[in-house]
Q: 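Mind looking over this structure? Questions follow.
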Amino acid sequence: MFGVVGCILCVVGSVGIVLHAPKEREINSVGEIWHFATQPGFIVYSCVAVVGALFLIFWAVKRSGHRKMLVYIAICSLMGSLTVISVKAVAIALKLSFSESNQFIYVQTWFFIFVVIICCLVQLNYLNKALDSFNTAVVSPVYYVMFTILTILANMIMYKDWVSQSATQIATQLCGFV
């Protein structure tokens, strides 16, 4: 019964978040994404995510990773939020390279590719550990919720999405999170 209620709440919350999501910005170059990624707010978020993941990997996993599923899931979700940002940058680089100008001549594009590779490897490793150690029916919804929340948070910080939203939209998104 709790699984059914949990799934329904996830779907309702996701629909609420999607319906009141801010309009996406038009990005015309990897340099533009790099500009957003090097803003102080996102640099702080990135550092907190990486330091948090490293703390979990080198301290919490050894102490309680085999007993507490959230340790593995938090590592995956923190890295996943950075993966999504970087994958978007690589996708834009590919799109622009095929249509207008080669974006692979810029160091920033290769930096984003490097981040995607490292974060994906870390995610896969710790998601597999979580799935090996705990019930898939429990791991999947918890990972979905934590990954979604951290990814939306990372995007909001990087693109400053809340600036263009009304109080009603922000309140509805917060209710969707809850």
Side-chain angles (χ1 to χ4, degrees), residues 1-27 33 36-37 39 41-53 55-57 60-61 64-65 67-92 112 115-116 119-178:
M1 185 62 176
F2 286 119
V4 172
V5 172
C7 286
I8 290 170
L9 288 174
C10 284
V11 170
V12 170
S14 296
V15 169
I17 290 169
V18 169
L19 288 177
H20 297 282
K23 194 173 185 180
E24 192 169 311
R25 297 173 189 246
E26 184 69 30
I27 305 289
I33 292 180
F36 288 122
Q39 295 298 309
F42 189 72
I43 290 174
V44 168
Y45 174 81
S46 299
C47 289
V48 167
V50 170
V51 168
F55 169 78
L56 291 170
I57 290 168
V61 166
S64 58
R67 289 179 285 127
K68 296 183 181 166
M69 170 187 66
L70 282 178
V71 172
Y72 293 138
I73 299 219
I75 294 167
C76 295
S77 299
L78 287 167
M79 292 293 97
S81 67
L82 298 177
T83 302
V84 169
I85 298 289
S86 299
V87 165
K88 183 174 181 173
V90 173
I92 288 170
F112 286 123
V115 170
V116 168
C119 289
C120 283
L121 290 173
V122 171
Q123 274 183 273
L124 287 171
N125 182 38
Y126 286 98
L127 185 57
N128 281 331
K129 287 182 181 188
L131 292 170
D132 287 343
S133 303
F134 304 99
N135 187 344
T136 303
V138 177
V139 170
S140 297
V142 173
Y143 177 57
Y144 167 75
V145 170
M146 189 179 282
F147 172 79
T148 302
I149 288 171
L150 289 175
T151 299
I152 291 172
L153 179 66
N155 274 290
M156 286 178 65
I157 291 170
M158 183 166 162
Y159 296 112
K160 296 176 179 60
D161 288 337
W162 66 85
V163 174
S164 66
Q165 289 186 297
S166 68
T168 305
Q169 289 174 308
I170 293 172
T172 305
Q173 283 191 322
L174 290 174
C175 288
F177 281 130
V178 172

Q: What's the spacing between Lys129 NZ and Phe134 CZ if we round to 0.5 Å?
A: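 CZ of Phe134 is found 12.0 Å from NZ of Lys129.
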Q: Distance from Leu127 atom CG to Cys120 atom SG, nearest 0.5 Å?
A: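 Here the interatomic distance stands at 11.5 Å.
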Q: Restricting to non-hydrogen atoms, name the atom on Ala130 and the atom on Val139 that form the minimum distance, rounded to 0.1 Å.
A: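 For Ala130 and Val139, the tightest heavy-atom pair comes out as O-CG2, 3.7 Å.
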Q: Give the minimum heavy-atom separation between Leu78 and Ser81, together with the two atoms involved.
A: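 For Leu78 versus Ser81, the nearest heavy atoms are O-OG, 2.8 Å.
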Q: Could you report the tightest heavy-atom contact between Ser86 and Val116, atom names first, then the distance?
A: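 Heavy atoms only, the tightest pair is CB-CG2, 3.4 Å.
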Q: Apply the test side chain to side chain contact (heavy atoms under 4.5 Å, CB included) to residues Met158 and Ile33: give CA-CA distance (whole Å), side-chain angles for both, the deciding distance (0.1 Å), then the verdict.
A: CA-CA 9 Å; Met158 183 166 162; Ile33 292 180; 3.5 Å; yes
Q: Check whether any side-chain heavy atom of Met146 lies under 4.5 Å from a side-chain heavy atom of Leu70, and answer yes or no.
A: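 Side chain of Met146 against side chain of Leu70, heavy atoms only: contact under 4.5 Å found.
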Q: Rounded at 0.5 Å granularity, tell me how far CZ in Phe42 sits from CG in Leu82.
A: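 Going from the CZ atom of Phe42 to the CG atom of Leu82 covers 5.5 Å.
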Q: Rounded to the nearest 0.5 Å, what separation is found between the CZ atom of Phe147 and the OG1 atom of Thr83?
A: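 So the gap between those two atoms works out to 7.0 Å.
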Q: Identify the heavy atoms of Ser133 and Tyr72 that sit nearest to each other, and give their distance.
A: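 Scanning both residues, the minimum pair turns out to be OG-CE1, 4.1 Å.
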Q: Between atom OH of Tyr45 and atom CG of Leu153, what is the distance when rounded to the nearest 0.5 Å?
A: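 It is 5.5 Å, given to the nearest 0.5 Å.
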Q: Minimum heavy-atom separation for Ile75 and Ala53, please, with both atom names.
A: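 Taking Ile75 first and Ala53 second, the nearest heavy atoms are CG1-O, 4.2 Å.
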Q: To check you understand the geometry: which heavy-atom pair defines the closest contact between Leu56 and Ala74, and what is its length?
A: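 For Leu56 versus Ala74, the nearest heavy atoms are CD1-CB, 3.6 Å.
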Q: Could you give all pairs that pass the salt bridge (charged side-chain N to carboxylate O under 4.0 Å, His left out) test and reach residues 77-89, with sequence neighbours left out?
A: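 Output for this query lists Glu24-Lys88.
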Q: Nearest 0.5 Å please: distance from the CG atom of Leu124 over to the CE atom of Met79.
A: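 So the CG of Leu124 and the CE of Met79 are separated by 13.0 Å.
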